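Data first, discussion second: the structure below is written as C-alpha cells.
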Amino acid sequence: MTTEPDPSPTSEPDPNDEQAGESTFDALSAERRKKRDQLGEQGIDPYPLRFDRTAMAAELHERHDELAADVRTGENVRMAGRLTSVRGHGKLSFATLQDVSGSIQLLMQASVLSDQAKPVLATFDLGDWIGAEGEVITSRRGELSLDVTELWLLSKALRPLPDKWHGLTSTDTRYRQREVDLLANPESRRVFDIRFRTVAALRKEMMGEDFVEVETPILQPQAGGALARPFLTHSNALDIDLSLRIAPELYLKRLVVGGFERVFEIARNFRNEGIDTRHSPEFTALEAYWAFSDYNDGMDMTERLVVAAARSATDRMNFSVGERSIDLTPPWPRRQLLDWLAEMVGRRLHPTDPVEDVRAVCEKHDVDILPEWGSGKLIFELYDTIVLPTVVDPVFVCGFPVEVSPLARHSNDDPTMADRFELCIDAKEFANGYSELNIPEEQEERFSHQAKAVAQGDLEAMPADLAFVRSLEYGLPPTAGIGVGVDRLVMLLSEVEAIRDVILFPMLRPEAAS
RNA sequence: GCGCCCCUAGCUCAACGGUAGAGCAGCAGAUUCUUAAUCUGAAGGUUCCUGGGUUCAAGUCCGGGGGGGCGCACCA
C-alpha cells in the first residue's frame with residue numbers, strides 16, 4: 001500500500017491546469033484520497049495494522065433486541081465493519097455499520113465524541129472500513145445503536161459505491177466485480193450464504209455416513225467419466241497434452257478398488273460446451289461411491305443429501321423459482337423411464353426396437369436426431385425433450401438404456417437397460433446415479449463401442465480408459481455411485497434462475513483493455 | 001454458432017429526430033433521534049467504439065465492431 005503524493009489535480013486549487021479529460025469518477029476518487037491523506041497529515045495512520053473488536057452486530061441484536069427505546073446498557077464495545085449509510089443531522093449523525101454478521105446503527109453526537117474522533121468522522125465516506133467504540137444503547141426511536149465515543153479509519157474506499165438504494169444491477173459488473181456486488185447487494189450475499197451452507201451440509205452428511213473426502217486429478221491425460229467435450233491444456237515439464245477433468249468418476253471408482261469403501265469428492269468439473277442459464281463451463285458436483293450397494297441405495301442417499309441441504313441451508317422444503325413452486329418433501333416418487341415414456345407417446349418403446357420405429361416416434365414429437373443414433377439413444381432423447389420438461393417436484397426416473405450409460409451396470413432383468421436413475425426437479429437433471437459396472441470385459445466392450453462413436457466424429461463420446469479397465473481387473477466390489485449438481489441445487493435453494501448467480505466469479509469474456 | 005433485446009454522470013434511470021435531464025453518491029451550507037433522513041445552493045457527460053447517410057439538426061434512424069442479457073440448439 002503506498003501513500004504517494006496525490007497526483008490528481010483536486011488537491012491543487014488552480015482550476016485551470018487540471019482537466020485533461022478528468023471524469024466525474026476521477027474527481028470522486030480524488031476527493032476520497034484527499035480525505036485519507038488529511039488523516040495522515042494529522043498523524044493518524046489511515047491503514048492501521050489491526051483492530052481489536054469486542055462485539056459483532058448479530059450478537060448484539062440477539063442479546064438486546066427486546067430493549068425498550070431510549071435505554072442505556074452501560075456496556076461498552078468496539079466494533080468494526082463497512083460504513084454503508086450516513087444520516088447527518090448537524091451535531092448528531094446516524095450511520096450504519098455493516099459487519100459479516102449483520103449491521104448496527106452508530107449514533108455519533110458531537111457532545112459525546114472524543115476530540116480525536118471528530119476529525120476522523122469528517123473524513124468518512126460511504127464504503128470505508130471503520131472501527132467504532134461506544135456504549136450499547138437504544139435510540140429514542142428504539143433502534144439498537146452504539147453511542148460512539150471513538151472512531152478509527154481501518155481502510156479507505158477510494159472508489160464510490162453503487163447506489164445505496166438500488167444497489168448494483170448491471171449483471172456484467174456484478175459478475176466481473178463480485179466483491180462490489182456482494183458489498184452493495186444483500187440479496188447476493190444471501191445467495192452465497194446459502195451456497196456455503198449447502199456445501200457444508202453435504203459434506204457433513206457424507207462425513208456422518210463415514211465417507212472419506214478425497215481429491216482426484218483435475219489435470220488428466222484423458223478426460224473420462226462423462227460424455228462431454230473437455231478443455232485442453234499442456235504440461236511443459238512432461239511435454240504432453242492434458243485435459244481438464246469433466247468428471248471424477250473413474251478415479252473415485254479406482255479408489256474403491258483400492259479399498260476405500262466409501263469415498264466422495266466435491267469436484268469442480270470443466271466442460272468446453274455451451275454457456276447458458278443452466279450451464280457453466282466450470283461447475284461443481286458432488287460424486288460419491290460406496291461398496292456393497294446398488295442404485296436403489298443411491299436414490300435413498302441422494303434424497304437424504306438434498307433434503308439435508310435444504311433443511312440446513314434454508315430450513316424449508318418449499319421453493320419458488322420464477323413462476324414455479326417446488327416441494328421437496330420426501331419421499332420422492334420413483335418412475336420407470338420406459339413406463340413414463342409409454343404414457344406420453346402412446347406406445348411402449350424399448351432399446352431392442354428397430355431403430356426406424358423409434359426414429360419415427362422421435363420425428364412425430366419433433367425430436368432432433370442424428371442418423372447414427374441407435375434406439376437406446378433415441379429413447380433417451382425422447383425422454384429429455386418430452387418427459388423432463390414436464391417435471392416440477394422431485395422425481396427419480398429409473399432405468400436408462402445401456403447405450404447412453406457406458407459406465408453403468410446392466411440390469412439383471414434386461415441386458416439392454418442399465419440400473420441407473422436421474423433425479424429431476426423443475427425440468428432439470430439434479431443428480432444421476434447407478435449401480436457401477438464392475439465387469440472388466442463388459443466395460444472394455446462399452447469403451448470400444450464408444451471408440452467407434454469417436455471415430456465417427458462424436459466429440460463427446462468417451463475415449464477408452466485402459467487404466468480404469470485394468471483397475472476393474474483387480475476387482476471393484478458391487479458399488480453404487482451418485483453425482484449431484486451442486487450449483488443447480490443451490491439455484492433451487494436460493495430461488496434464482498441463472499447459474500451465474502450462484503457462482504462467485506463466473507467465466508466471462510475478458511474485460512476490454514481500457 | 002443462429003434470432004431478439006440492451007449499453008446515456010461513480011450508481012439507478014429519463015430524453016415524439018430538436019439546447020443531454022432527474023434521483024442517489026460527491027461538494028458548500030442548515031439541522032441533536034434519523035434509518036431511502038430532510039431542506040438550500042453550486043457542480044458533475046468522448047451518450048460503448050467506429051464510419052457513413054436521410055437531415056438545417058443524430059443519444060435517437062442505417063452500416064461495421066466491442067461487451068452484456070434472454071430465447072433456440074449441444075450439455076448437467
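Treat the numbers as computed from the prediction; the structure is a model and nothing was measured. Reminder, nothing fancy here: chain letters follow the sequence lines and each chain counts from 1. Basis for what follows: all heavy atoms, side chains included, without hydrogens, waters or symmetry-related copies.
Rounded to an integer number of Å, the gap from A:Glu143 CD to B:rC33 C1' is 10 Å. Residue A:Phe94 contributes atom CZ, which lies 14 Å from atom P of B:rU38 at whole-angstrom precision. Computed from coordinates, the A:Asp172 CG to B:rC11 C1' distance equals 15 Å when rounded to whole Å. A straight line from CG of A:Asp181 to P of B:rC11 spans 14 Å, rounded to a whole angstrom. Between the CD atom of A:Gln177 and the C1' atom of B:rC11 there is a distance of 12 Å, given to the nearest Å. With rounding to whole Å, A:Leu92 atom CG is found 12 Å from B:rU35 atom C1'. In this entry the distance linking CZ of A:Phe25 with P of B:rG10 reads 9 Å, nearest Å. In this entry the distance linking CZ of A:Arg33 with P of B:rG10 reads 15 Å, nearest Å.
Taking atom C1' in both B:rU35 and B:rC24, the straight-line distance is 15 Å, to the nearest Å. Nucleotides B:rA25 and B:rA57, compared at atom C1', are 35 Å apart to the nearest Å. Comparing the same atom, C1', in B:rG45 and in B:rA76 gives a spacing of 46 Å after rounding to whole Å. Taking atom C1' on both B:rG52 and B:rA58, the two are 12 Å apart, rounded to the nearest angstrom. Across B:rC27 and B:rG67, the matching C1' atoms stand 33 Å from one another, rounded to whole Å. Between the C1' atoms of B:rC13 and B:rU8, the separation comes to 10 Å (whole Å). For the P atom pair drawn from B:rA15 and B:rG64, the interatomic distance equals 26 Å after rounding to whole Å. Distance check on atom P: B:rC4 versus B:rG63 gives 11 Å, rounded to whole Å.
Counted within 6.0 Å of CZ on A:Arg159, heavy atoms from surrounding residues, nucleotides or ligands total 12 or fewer; the atom is thus considered open.
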Per-nt protein contacts along nucleotides 70-76 of chain B (heavy atom under 4.0 Å; B base, S backbone sugar-phosphate only, - none) come out as -S-BBBB
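At a threshold of 4.0 Å, the pair A:Arg229-A:Glu273 does not count as salt-bridged, since none of the basic side-chain nitrogens sits closer than that to a carboxylate oxygen. With respect to the salt-bridge test (charged N to carboxylate O, under 4.0 angstrom), the residues A:Asp128 and A:Arg82 do not qualify. Of the charged side-chain nitrogens involved, at least one lies within less than 4.0 Å of a carboxylate oxygen, so that A:Glu135 and A:Arg72 count as a salt-bridged pair. Salt-bridge annotation for A:Arg63 and A:Glu59: present, with a side-chain N of the basic residue lying under 4.0 Å from a carboxylate O of the acidic one.
A:Gly88 comes within 4.0 angstrom of a nucleotide base, judged by non-hydrogen atoms across all strands. Nucleic acid contact for A:Ser111: base, since at least one base atom lies under 4.0 Å from a heavy atom of the residue.
In this structure, B:rU12 and B:rA22 make a Watson-Crick or G-U wobble pair, each of the two defining distances being under 3.5 angstrom. Look at B:rC33: it lacks any Watson-Crick or wobble partner with both distances under 3.5 angstrom. Both distances falling under 3.5 Å, in either a Watson-Crick or a G-U wobble arrangement, occur for no nucleotide opposite B:rU54. Across all strands shown, the partner of B:rG71 is B:rC2, judged by Watson-Crick or G-U wobble contacts whose two distances both fall under 3.5 Å. Of the nucleotides present, none pairs with B:rG45 by Watson-Crick or G-U wobble criteria with both distances under 3.5 Å.
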Ignoring hydrogens and angles, write down the donor-acceptor pairs under 3.5 Å from the side chains of residues 383-391 of chain A, residues two or more places apart or on other chains.
residue: A:Tyr383; atom: OH; partner: A:Glu422; partner atom: OE1; Å: 2.8
residue: A:Thr385; atom: OG1; partner: A:Glu381; partner atom: O; Å: 2.9
residue: A:Thr390; atom: OG1; partner: A:Val387; partner atom: O; Å: 2.6

Compile the donor-acceptor pairs under 3.5 Å between side chains in residues 177-188 of chain A and protein atoms, sequence neighbours left out, one pair per line.
residue: A:Arg178; atom: NE; partner: A:Leu504; partner atom: O; Å: 2.7
residue: A:Arg178; atom: NH1; partner: A:Asp181; partner atom: OD2; Å: 2.8
residue: A:Arg178; atom: NH2; partner: A:Arg500; partner atom: O; Å: 2.8
residue: A:Arg178; atom: NH2; partner: A:Ile503; partner atom: O; Å: 2.7
residue: A:Asp181; atom: OD1; partner: A:Arg174; partner atom: NH1; Å: 3.4
residue: A:Asp181; atom: OD1; partner: A:Asn185; partner atom: ND2; Å: 2.7
residue: A:Asp181; atom: OD2; partner: A:Arg174; partner atom: NH1; Å: 3.3
residue: A:Asp181; atom: OD2; partner: A:Ser188; partner atom: OG; Å: 2.6
residue: A:Asn185; atom: OD1; partner: A:Leu168; partner atom: N; Å: 3.0
residue: A:Asn185; atom: ND2; partner: A:Leu168; partner atom: O; Å: 2.8
residue: A:Glu187; atom: OE1; partner: A:Arg190; partner atom: NE; Å: 3.0
residue: A:Glu187; atom: OE2; partner: A:Arg190; partner atom: NH2; Å: 3.1

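Within the structure, every side-chain polar atom (N or O) of A:Thr96 is placed at least 4.0 Å from both OP1 and OP2 of B:rU35. Look at A:Thr173 and you won't find any side-chain N or O under 4.0 angstrom from OP1 or OP2 of B:rG67.
For A:Arg334 and A:Phe396, the positive end sits near the middle of the six-membered ring, less than 6.0 Å away and at most 45° from its axis.
Distances from the side chain of A:Leu107 to the nucleotides B:rG67, B:rU12, B:rC33 place B:rC33 closest.
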Strictly under 3.5 Å: I want the nitrogen or oxygen pairs between protein and nucleotides 23-28 of chain B, one per line.
residue: B:rG23; atom: N2; partner: A:Asp163; partner atom: OD2; Å: 2.6
residue: B:rA25; atom: OP1; partner: A:Lys164; partner atom: NZ; Å: 2.9
residue: B:rC27; atom: OP1; partner: A:Lys35; partner atom: NZ; Å: 2.5

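Closest of all the heavy-atom pairs between A:Pro119 and A:Gln42 is CB-OE1, 3.4 Å.
In terms of position on RNA chain B, the residue among A:Ser139 and A:Pro162 whose nearest nucleotide sits closer to the 5' end is A:Pro162.
With sequence neighbours left out, A:Trp373 forms a ring pair (Phe, Tyr, Trp, His ring centres under 6.0 Å) with no residue at all.
No N or O donor and acceptor, one from the side chain of A:Ser93 and one from the base of B:rU32, sit under 3.5 Å apart.
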- Evaluate the criterion side chain to side chain donor-acceptor pair (under 3.5 Å) for residue pair A:Ser101 and A:Asp99; output intermediate values, then yes/no. CA-CA 5 Å; A:Ser101 74; A:Asp99 67 24; 2.7 Å; yes
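Among pairs with a residue in residues 424-433 of chain A, those fulfilling side chain to side chain donor-acceptor pair (under 3.5 Å) read A:Arg324-A:Asp426, A:Arg420-A:Asn432, A:Asp426-A:Lys428, at least two apart in sequence or across chains.
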